[in-house]
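To start, the structure under review is shown below, and the notes come after it.
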Amino acid sequence: MSLKRPIDYGLEKLNGMINDMIDLAGKALEISIESILTRTDNVEEVRKLSDQLMFIMDETGELAVQLIARFQPVASDLREIKSAIQVSYDFSRIGRYAANIAEITKMIPEEGCDFTSIRELSQIVLEMVREAGKAYLNKDLKKADKLRSMDDQVDKLYAESIKHLIQMGGKINTACLLSIALILRYLERIADHACYIADATSYMITGRKY
Amino acid sequence: MRLNKRKIIDRLMLGIISALAIASAIPIFAIAVNVYSEGARYISLNFLIDLPPPPVGGGGGGIGPALVGTLVLVALALAIGGSIGFFTGLYLSEFSHTRLAQYTQMFLQVMVEFPTIIVGLFAYMILVAPLKRFNALAGAIALSIVIIPYIALNVREAYKSIPYTLKEAAFSLGVSAPIAYLRILLSAARRGVLTALLIGLAKAAGETAPLLLTILGTTFTYFGGLDQPINAIPLLIYNFALSPYEKWHQVAWGAAAVLLTIILVIFIVSRLIIKEVKV
Amino acid sequence: MSWAIEVQNLNVWYGDKHIIKNVSFRVPKNVIFAIMGPSGCGKSTLLRAMNRLLDLNPHARVEGQVKINGINVYGDNVDVTWVRRQFGMVFQIPNPFPHLSIYENVALGPKLNGLVKDKSQLDELVKQALQKAYLWDEVKNDLRKPASMLSGGQQQRLCIARALALKPRIILMDEPTANLDPVASSKIEELLLELKEDYTIIIVTHNPQQAARVSDYVAFLYMGELIEIGETSTVFTRPSNILTEKYVLGRMG
């Protein structure tokens with residue numbers, strides 16, 4: 001008999017919510033980066049997306065609790081629910097950081113700044129966020145592993161960029177210096193969260209984080 | 001020492017009880033052996049069909065009219081007593097909470113012990129006296145009255161033993177009570193009901209007292225009509241056994257063997273049916 | 001909002017004992033509605049009051065209303081057999097008619113109620129009912145065999161098919177998995193989740209976990225009184241009555 005278990009209906013709904021969060025988080029990050037690079041003020045839009053993400057995070061938590069109360073989940077069901085709770089938090093944080101990034105647009109001086117490092121780093125981080133989402137939805141262990149190597153890349157690039165900033169020192173506009181430093185920091189945090197998502201994916205599939 | 005004494009008493013009691021059990025079973029075997037040894041030799045197809053022989057001289061003869069009579073009376077008794085008994089039994093089972101059912105059941109249990117000669121007397125009063133002659137209908141009615149309690153009480157048991165949940169299932173299909181009881185639940189109770197009817201049949205075939213005052217016992221007519229006298233095997237046995245003629249004694253033995261066979265066959269069949277129910 | 005069934009101020013007595021005490025609730029269409037509570041709280045009685053199967057008990061007395069599509073089943077001119085046909089019922093101990101075959105068990109209701117005109121219609125109806133109960137594949141070659149040769153879980157699905165054959169609106173289930181092993185039980189629970197698309201299901205259970213798994217709405221009945229009723233998710237995450245909380249926590253008697 002190919003019937004769905006009672007808990008399957010709930011797990012599908014949970015996945016749907018995470019799916020939504022993946023879209024929203026990717027979009028928020030994309031828009032915020034664009035905002036910085038093109039000096040267009042999209043803060044409102046990104047803030048809205050971030051708020052939505054927080055709302056869905058609450059919803060996901062609530063649904064997870066209901067599923068636990070109703071279905072006494074075990075094994076992979078239980079890990080899936082725990083991972084969903086974890087991952088919803090991570091995506092909401094990504095949304096928050098995206099909003100933080102977008103807010104920096106106002107700080108950027110008239111003549112602009114040299115955002116080369118930002119450009120490079122943000123490409124990788126954006127890809128990480130997307131890959132993390134795909135890894136989770138498709139329960140793809142290999143993709144989850146790939147994220148860890150991408151994170152190493154990010155860490156390296158981040159260290160280099162910070163060093164470069166320190167070297168350049170007074171030659172850069174203070175506003176630019178701060179903007180770049182902050183954005184680099186936020187991007188690095190976002191990459192960390194993408195890694196946490198990868199860890200949660202591994203845990204969901206194998207029961208271990210690595 | 002004490003243990004031994006207890007064991008001895010134990011064995012003694014067991015022995016006595018077993019002996020008594022065997023003793024109570026002996027009569028049946030003794031009777032069967034007796035009847036068959038005296039009467040089986042006379043049984044043949046002709047015996048079952050032919051008119052009885054003249055008291056002296058003449059050919060073989062048979063119990064034809066009596067057999068026909070028994071068949072007619074039994075059929076009528078089953079038709080009347082069977083249907084009344086069935087519906088009464090059904091009522092007793094399904095409406096057992098009513099006072100009518102409780103009193104009726106008590107009454108029927110008394111009727112089982114009732115002297116059947118009195119039933120015959122009653123039938124005489126209501127059917128033989130008014131018509132001013134012995135008749136088959138009176139006999140049939142008397143037999144019906146005798147078998148109604150047996151059939152009713154057994155049908156009641158049959159329906160009572162249907163699990164309540166089956167009754168609920170039947171009614172949950174949204175059928176009326178008559179259909180539920182007669183088409184669905186009757187099927188579930190059919191073995192018990194069949195047994196009840198077989199018991200009725202056996203009784204109707206074998207009871208003698210109700211016939212004594214009702215049917216007279218014709219010797220030469222097979223069937224003259226319900227308002228006319230008729231014969232039956234038990235009555236023939238009674239009359240012929242009491243007669244002074246050796247020929248008729250032989251016929252009586254033969255008839256007894258036939259009657260015993262009928263009863264035994266019914267008994268065996270009903271036992272087989274009940275066995276299936278238990279499984 | 002149209003309701004599948006509305007119970008209003010229902011009271012039931014067995015002789016002098018007050019079994020159901022002024023119970024009122026409404027069941028939406030196409031949901032699984034569970035009635036849970038400890039043994040002896042009156043759940044089975046409540047169920048039987050709905051399809052008037054309680055009438056079979058001469059000591060039962062009912063007051064109040066049970067409405068289907070606005071019609072009170074206890075109304076004066078209401079035909080009780082019509083009422084019972086609006087419901088399909090499945091019982092705690094699987095009770096297919098043991099003297100009938102698998103086919104005949106399902107066909108009996110429609111046949112006796114004149115739902116079909118000829119044999120081929122009847123065959124089709126039986127097949128559909130067995131398919132809906134997810135039993136067809138297992139018995140399609142054995143339709144003439146007696147129902148008693150099926151396993152407990154299969155017998156219960158046969159009873160579900162028998163109930164579905166009459167095309168009722170509402171299916172009443174009285175602890176349908178109480179006598180089945182866990183595997184058979186979960187098959188039936190999964191079946192219910194599919195059935196609710198076409199029917200409204202009211203299931204009585206003494207197992208709150210089953211109510212949690214399977215139902216959309218749940219009512220908690222205790223000593224004949226309706227203590228709490230609501231969406232299952234809510235009742236099991238934050239019950240509003242302390243008795244309900246005690247019951248679902250397993251801290252009640």
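All values below come from the heavy atoms of this structure, side chains included, with hydrogens, waters and symmetry mates left out. What you are looking at is a predicted structure, and each value in this text was computed from that prediction instead of being measured.
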> Is it true that atom CZ of R190(B) has more than 12 heavy atoms of other residues, nucleotides or ligands lying nearer than 6.0 Å?
Replying inline: yes

>> Please classify the contact of R48(C) with chain B as side chain, backbone, both or neither, using a heavy-atom distance under 4.5 Å.
In response: side chain

>> Could you check whether atom CG of L20(B) has more than 12 heavy atoms from other residues, nucleotides or ligands sitting under 6.0 Å from it?
In response: yes

>> At a 4.5 Å cut-off on heavy atoms, which part of P168(C) comes close to chain B: side chain, backbone, both, or neither?
In response: neither

>> Sub-4.5 Å heavy-atom contacts with chain C: which residues of residues 172-181 of chain B show up?
In response: S172(B), L173(B), G174(B), V175(B), S176(B), I179(B)

> Is the closest side-chain heavy-atom distance between E168(B) and M89(C) below 4.5 Å?
Replying inline: no

>> With a 4.5 angstrom heavy-atom cut-off, is it the side chain or the backbone of I93(C) that approaches chain B, or both, or neither?
In response: backbone

>> Less than 4.5 Å to any heavy atom of chain B: does that hold for the side chain of N95(C), its backbone, both, or neither?
In response: both

> Is T81(C) close to F171(B) at the side-chain level, that is, under 4.5 Å between some pair of heavy atoms?
Replying inline: no

> So what's closer than 4.5 Å to chain C heavy atoms on L185(B): side chain, backbone, both or neither?
Replying inline: neither

>> I'd like to check the salt bridge (Lys or Arg N to Asp or Glu O under 4.0 Å) partners of K167(C); sequence neighbours left out, ordered by chain and number.
In response: none

>> Take a 6.0 Å sphere around CE of M149(C) and say whether it holds more than 12 heavy atoms from other residues, nucleotides or ligands.
In response: yes

> Who wins among L166(C), D55(C), L100(C) for the most heavy-atom pairs under 4.5 Å with chain B?
Replying inline: L166(C)

Show me the side-chain donor-acceptor pairs of residues 31-47 of chain C shorter than 3.5 Å, one per line, residues at least two apart or across chains.
{"from": "K43(C)", "atom 1": "NZ", "to": "G37(C)", "atom 2": "O", "distance (Å)": "3.0"}
{"from": "K43(C)", "atom 1": "NZ", "to": "P38(C)", "atom 2": "O", "distance (Å)": "3.4"}
{"from": "S44(C)", "atom 1": "OG", "to": "D174(C)", "atom 2": "OD1", "distance (Å)": "3.0"}
{"from": "S44(C)", "atom 1": "OG", "to": "D174(C)", "atom 2": "OD2", "distance (Å)": "3.2"}
{"from": "T45(C)", "atom 1": "OG1", "to": "Y14(C)", "atom 2": "OH", "distance (Å)": "3.3"}

> CG of L166(B) to CZ of F97(C): how many Å apart, nearest 0.5 Å?
Replying inline: 6.0 Å

> side-chain contact (heavy atoms from CB on, under 4.5 Å) with A140(B): which residues, sequence neighbours excluded?
Replying inline: L73(B), L76(B)

>> Surrounding CZ of F267(B) (heavy atoms of other residues, nucleotides or ligands, distance under 6.0 Å), is the total greater than 12?
In response: no

> Around atom NZ of K119(C), are there more than 12 heavy atoms of other residues, nucleotides or ligands at under 6.0 Å?
Replying inline: yes

> What part of F95(B) lies closer than 4.5 angstrom to a heavy atom of chain C: side chain, backbone, both or neither?
Replying inline: neither

> F87(C) versus chain B, heavy atoms under 4.5 Å apart: side chain, backbone, both or neither?
Replying inline: backbone

